[in-house]
Amino acid sequence: MGVFSSLPWFMFWTGKTMYFVILTVVTVASLLLLLLWNGKRGNQWMSELKRWRSLKVLSKEKQRKTLEEDTCNAQKIQENLLLETLYYHQDTEYGLQHSFRDFQDVHSFQKNHPLTHYNDYKDYLQRTSQGEENLLVPGRPSVLVASPGTSGNRSMVPMSNKSRSERVLQGRAVYLETVYNTFPGALEKVFKFTFPPPINQSDVGIPIVPYPSALSVKCMQDVYSPPVPVHPSMSHHEVLYTQLLFSLKDPDLSVIEANFFWLLHYVFSILEDCWESLVTDIQKGRLSSELKVPLETRKQIEDMLVPDASRAAELRAQFQKGFHGIVKRMWPRLQVVVALESGGSDLDRQTLQDRLCHGIPLYSPTYCAAEGLYGVNLWPKDDVSQYVLCPRSVFFEFIPVDTSEQEQPATLCLQDVSADKVYELVITNRDGFYRYRLGDVVQVTSFYNQSPVVKFLYRKSQTLNVRGERISECGFYKALRCTVALWPGATLLNYCCLESGVLGQLSGGSDPHYEVFVALKGVRNLSEEQRYKLDQTLQEHFPIYKSFRFKGSIGPVRLHLTSPKSFLRLLNLASDLSALPLDCIQPPRTLKHREMAEMIWKQVLS
Ligand SMILES: *[C@@H]1O[C@H](CO)[C@@H](O)[C@H](O)[C@H]1NC(C)=O
Ligand SMILES: *[C@@H]1O[C@H](CO)[C@@H](O)[C@H](O)[C@H]1NC(C)=O
Ligand SMILES: *[C@@H]1O[C@H](CO)[C@@H](O)[C@H](O)[C@H]1NC(C)=O
Ligand SMILES: *[C@@H]1O[C@H](CO)[C@@H](O)[C@H](O)[C@H]1NC(C)=O
């Protein structure tokens, strides 16, 4: 070995090999030059190269293998993560105030640090955004991640560059690897429906990025099909119409993606309404003149289009056959539809699965929020999303659900939870949130090595509770579905509900009760008797509700019919109120914000 390695490298090469190498290098170099020189095509080629490189980088990371090892050693990794986090933050203002130096182990931390809520951090965050340093994290956070709060206001959490890239590796990279391994060739053509995130900064220039868009990084961008030009003056409808046009013209898409399932539902409703215009646009290689797009942007868009009569004819034939399973027929190579599951997203997911996306797996790859990545879903073909908790991502604690109404209940660690039990999640992340009650309730379904596998159940913030009856988001949804099944011919398209108190005088001065708003397909109107079925079902499912109804301290449910469009207006309002892009909004199911309640109230049809 010693002898050979001391020889210069070229001594190994015979003259013939050298000749071949030089020839190859020269050929490749001239091809490269030719392609680059060739303008537009060169660009396409470069972006293909970038895509290929990104996939290579992402799949080389072998994050899946790391996860495998981590889950075998979950308890130890969790303990180390917590102690490292406390050590790293001990000289921040928060760390000094809470004597982080005194915490020697998990137990002393749990004993001496209370469970927290968002409000406990509000003041620190306010001061951070105004430029004060060393409050929750050492120095300044790299970005502030904004997401809609439950009451309409937006909440912001700090994030460092380091945890941002860790999240991407542990979340996105595992997702890509999983898709890559489950659906060979699926990452060839990934199309994402999305709105460009606004560029905004805090008073002192800390970038504010919306969740979940904050989780995408440059190398991820290369995996998607090239972005479709947009102009800030374009409406949501116009942006999505244009993106649909580009997605439709490509018969070879292998994955379609959006932040949340509801957005895909919206995209396909535009398809159903506008397919004739879209097909004509593809045929003529233009963008419909009905869209109010500024000239410059229109030109950019149309430069990317060429007339394609045969694709147009193909699509027309498919649309004329109807929309059941249309996604598979439009894109025969499509292997999987990807979006994040969020609270209250069951209905959108189910609606897609039953009709438009019939026959294609719907995959929610990660369980995450602005505050961190919690789990990854390793089973893209399963109907129910389940996530392996990532031990290296945040420190987890679990509150058994029957004590979750207490202010400071005892918590369990990851190794102490049991399968089939239901818990409220508590996390400590690396970005300054400690023993933080997320408000998510999950069910542990099994274990992956030592790590719990969880199913998301509901958001505590969406619980209905006018007299202490506490009906959860998923409990209410189940009761509503049972009721809709009793209305002949009716299909549920959308819904939301609220406690009468939110509407104040508008809902009449009677006993507190629920106001429920539904959009249905297949029925024109409902009789009083049919509407009352919802109240009966709630009584059957929830004994406490029944007893309050019996005593008369809760009034009967009032059910209203409204149109599917009114729910879109609701999301638009939520987007305006929180100053976040529409596709960063998760549909509220229980409205707590007066303005939103009034908006839906005004759109009641009967
Ligand atoms: C975070 O990364 C961005 C570039 O990705 C860089 O501009 C910025 O300075 C970094 N911030 C910190 C605090 O390191
Ligand atoms: C939302 O924010 C506004 C202004 O910052 C504030 O006045 C209001 O109290 C907030 N509402 C809630 C429910 O936090
Ligand atoms: C930036 O944020 C401020 C307040 O945080 C808001 O008033 C403004 O509209 C935002 N700008 C954009 C472009 O979103
Ligand atoms: C729908 O039914 C309700 C009774 O449940 C009735 O009061 C209302 O007038 C009906 N509306 C229409 C448009 O038929």
Side-chain angles (χ1 to χ4, degrees), residues 50 53-54 57-58 88-89 91-92 124-125 127-146 156-169 171-173 196-223 370 372 429-432 480 483-484 486-490 492-493 495 507-508 510 513-537 555-566 600-606:
K50 268 203 205 143
R53 199 192 52 204
S54 304
V57 169
L58 287 167
Y88 182 68
H89 292 89
D91 293 327
T92 59
Y124 296 102
L125 290 165
R127 286 162 58 206
T128 301
S129 73
Q130 287 164 354
E132 275 191 66
E133 301 194 350
N134 261 354
L135 301 178
L136 289 169
V137 292
R140 267 188 199 182
S142 315
V143 295
L144 292 169
V145 187
M156 275 199 269
V157 302
M159 184 158 82
S160 68
N161 275 355
K162 183 154 175 281
S163 48
R164 181 178 185 162
S165 55
E166 274 170 3
R167 268 193 226 186
V168 170
L169 283 181
R172 302 300 302 212
I199 298 161
N200 212 340
Q201 297 186 332
S202 80
D203 298 343
V204 292
I206 305 174
I208 298 175
V209 293
Y211 166 83
S213 308
L215 292 184
S216 76
V217 284
K218 192 122 184 40
C219 72
M220 274 304 300
Q221 298 302 335
D222 298 334
V223 174
N429 72 11
R430 299 177 196 234
D431 293 308
L480 181 60
T483 311
V484 174
L486 301 172
W487 299 330
L492 184 64
L493 293 177
Y495 78 98
S507 75
S510 57
H513 58 273
Y514 304 157
E515 301 275 350
V516 178
F517 304 84
V518 296
L520 298 173
K521 202 172 70 173
V523 292
R524 285 263 171 77
N525 202 359
L526 294 170
S527 67
E528 286 305 330
E529 197 186 334
Q530 283 176 315
R531 290 173 201 236
Y532 189 61
K533 285 269 189 280
L534 177 58
D535 199 74
Q536 287 175 323
T537 313
V557 167
R558 297 193 190 159
L559 186 123
H560 312 278
L561 296 185
T562 176
S563 72
K565 287 248 169 11
S566 55
I600 195 85
W601 178 261
K602 285 185 195 139
Q603 298 183 72
V604 165
L605 298 174
S606 79

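These values consider heavy atoms only, across backbone and side chains, with no hydrogens, waters or symmetry-generated copies. Just so you know, ligand 1 is whichever comes first in the structure, and atom 1 is the first atom listed for that ligand.
Short contacts between ligand 4 and Ser527, defined as distances under 4.0 Å to a heavy atom of the residue, involve ligand atoms 5 (O). For ligand 4, the atoms sitting less than 4.0 Å from at least one non-hydrogen atom of Leu526 are 2 (O), 4 (C), 5 (O), numbered in the order shown with element in parentheses.
When only interatomic distances are considered, the shortest N/O to N/O separation between Arg140 and ligand 1 does not fall below 3.5 Å.
In terms of protein heavy atoms, atom 13 (C) of ligand 1 is closest to Ser142 OG, 3.6 Å. Protein heavy atom in closest approach to atom 7 (O) of ligand 4: Glu528 OE2, 4.8 Å. Nearest protein heavy-atom contact of atom 11 (N) of ligand 1 is Asn161 ND2, 3.0 Å. Of all protein heavy atoms, the one lying nearest to atom 14 (O) of ligand 4 is Asn525 ND2, 3.0 Å.
Residues Arg531 and Asn525 bring a donor and an acceptor atom of their side chains to less than 3.5 Å of each other. Under the 3.5 Å distance criterion, with hydrogens and angles disregarded, a donor-acceptor pair is assigned to the side chains of Thr483 and Thr537.
For the atom pair Ser202 OG and Met156 CE, the distance stands at 8.0 Å (nearest 0.5 Å). Taking CG of Leu135 as the start and OG1 of Thr92 as the end, the distance is 8.0 Å to the nearest 0.5 Å. For the atom pair NZ of Lys533 and CG of Leu559, the computed distance is 13.0 Å after rounding to the nearest 0.5 Å.
In this structure, atom 9 (O) of ligand 4 has no protein heavy-atom contact shorter than 4.0 Å. Closer than 4.0 Å to atom 2 (O) of ligand 1 lies at least one heavy atom of the protein.
Ring pair His560/Phe517 is parallel by interplanar angle, where below 30° counts as parallel and above 60° as perpendicular.
Within the 4.5 Å cutoff, side-chain heavy atoms of Arg140 are placed close to those of Val204.
Only side-chain heavy atoms of Arg531 come within less than 4.0 Å of ligand 4; its backbone N, CA, C and O stay farther off.
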